[in-house]
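Residue numbers start from 1 in every chain, and the chains themselves are labelled A, B, ... in the order their sequence lines are given, proteins ahead of strands.
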Protein chains: 2
Amino acid sequence: MLSPIRAQSFEPTVHLDANLDAVLATPCACPRFARDEEIFGEGETADYVYQVVSGAVRTYRILRDGRRQIDEFHFAGDYFGLELGEAHRVTAEAMTDTTIRMIRRGALSDLAARRGDAARAILRLTAEGLQRSQDHVLMLGRRSACERVAGLLLDIAERTNAKAELDVPMSRQDMADYLGLTIETVSRTLTSLQDEGLIALPSVRHVVLQDRRALERMTA
Amino acid sequence: MLSPIRAQSFEPTVHLDANLDAVLATPCACPRFARDEEIFGEGETADYVYQVVSGAVRTYRILRDGRRQIDEFHFAGDYFGLELGEAHRVTAEAMTDTTIRMIRRGALSDLAARRGDAARAILRLTAEGLQRSQDHVLMLGRRSACERVAGLLLDIAERTNAKAELDVPMSRQDMADYLGLTIETVSRTLTSLQDEGLIALPSVRHVVLQDRRALERMTA
DNA sequence: CGGTTTTTTGATCCAGATCAAGCTCTGTGG
DNA sequence: CCACAGAGCTTGATCTGGATCAAAAAACCG
């Protein structure tokens, strides 16, 4: 969650991620998706890998009775939809108006077969996803509502390169479904963080981190 | 958790996992660890990748105040300790007397650089770990205590190739720390599953799945 | 504006945590 | 072979963080 994943690299001296970006900067479809529009659905054939150009995306799964768990939020630059098997295991939707780059999966595996650096970049993306998922497990398994909300805010700040003031692209429901809470609890937690002076909420989708140190202490 | 990960493969017709096993079947240190002995600690340099030969391993992280979250259980054949960065992000301990195969990380990356199939096998292992972690997130975020316990039992059964009767190598505390619950809740849930006739508990570390269908219905 | 959706706030409830005994295994030494 | 200590597990009583139910207040939007 808070680990500086994006600053790490398998081979510290080489920017493989950038490398993959460069290699793939060949003609690619870059469709736009409106807010709440589906990009792909759970169970669909995974013919493409996706990258957020601008905007933000949520990937989630739903249980039979409608309970939803958001797996991950994806921001500009992030890849998503990379699958091991033939089918997507999650549904992906745009959270705001979003531009997406689509890369044919076949093209990607060809590239990986030809170039070791591309193969390593794909491995790195997958391993970063695993690290993030493990942080998510720790969050859901052993943290209180307050710690979870604080952690999410810091994570968004880091991933969108925000300083103190941050744009929250997701609804309270999205936050709740990511954090394993209800909307009410998320809302109450945010107001109590505001009452304690740790954050300010100038508007619903705007948060100011007023005491980042204190927030970080909660999530350590 | 219940998805048949082990049956999937990136290239459906080739058994890459077996391939990696074969390639690595060269002279390797195979130390034994006693129950509860540490294999590696969080923060230590990740010089090796590990494979369970026999026995079972838990990997976990601990928060400042002692809360523990078990990340994953590893059974015979499973690889663990594969890291993106230089350091291990979790601690690994033997749950029972366990034999472990240690593979030099350098040897593995050399191999991956030389052989595309080895690189793909490593990617596959990482991606499987990611899938498992995502299932874990869904479990912790949106499932009840009862659903979690049922899910764990079915997962153990599958991964240890047990039919109805299964050997549970972990303590109640381990289950609790994997499931994001307390020992008391795990214990109570097991007894209530027994009372409902879904399982039997001939001894503490022995479970008989008496109505697997019903258990599966809980976790779907 | 008025209608709809989203968010906040309030009141109440409950699943699972916590606190507190007992109980059941082990193993150990006499 | 038994007494008994210690760890791990179960069970019981109570508490509580977050869920649920309900409604008011913002925000959004034609």
Open item on the list: Hydrogens and angles aside, do B:T182 and B:T185 bring a side-chain donor and acceptor to less than 3.5 Å of each other?
Closed with: yes

TODO: Would you check if there is a donor-acceptor pair between the side chains of B:D135 and B:Q131 at a distance under 3.5 Å?
DONE: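 Short answer, no.
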
Open item on the list: Over all strands shown, is B:S203 touching base, sugar-phosphate only, or nothing at heavy-atom distances under 4.0 angstrom?
Closed with: nothing

TODO: Give the first and the last nucleotide of DNA chain C, reading 5' to 3', that has any atom under 4.0 Å from a heavy atom of chain B.
DONE: C:dG16 to C:dC19

Task: A:R68 to A:Y60, cation-pi by 6.0 Å centre distance and 45° axis angle - done: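 Yes.
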
Open item on the list: Using 30° and 60° as the class boundaries, would you call the ring planes of B:F80 and B:Y50 parallel, tilted or perpendicular?
Closed with: parallel

- [ ] Send over the distance from B:M175 CE to D:dT10 P, rounded to a whole Å.
- [x] 8 Å

Open item on the list: If I take atom CZ in residue B:R205 and atom C1' in nucleotide D:dG8, what distance separates them, rounded to the nearest angstrom?
Closed with: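 My rounded result for the distance is 9 Å.
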
Task: Stretch residues 182-197 of chain B: residues that reach within less than 4.0 Å of DNA chain C through a heavy atom - done: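 Going residue by residue through residues 182-197 of chain B, the ones with a heavy atom under 4.0 Å of DNA chain C turn out to be B:T182, B:E184, B:T185, B:R188.
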
Task: End axis versus end axis in the helix from C:dC1-D:dG30 to C:dG30-D:dC1, the angle rounded to 10°, five pairs used at each terminus - done: 30°

Task: First encountered from the 5' end of DNA chain D, between B:R172 and A:A145 - done: B:R172

Open item on the list: For A:R58, run the side chain to side chain donor-acceptor pair (under 3.5 Å) check against A:T91, A:D36, A:D71, A:D177 and tell me which one passes.
Closed with: A:D36

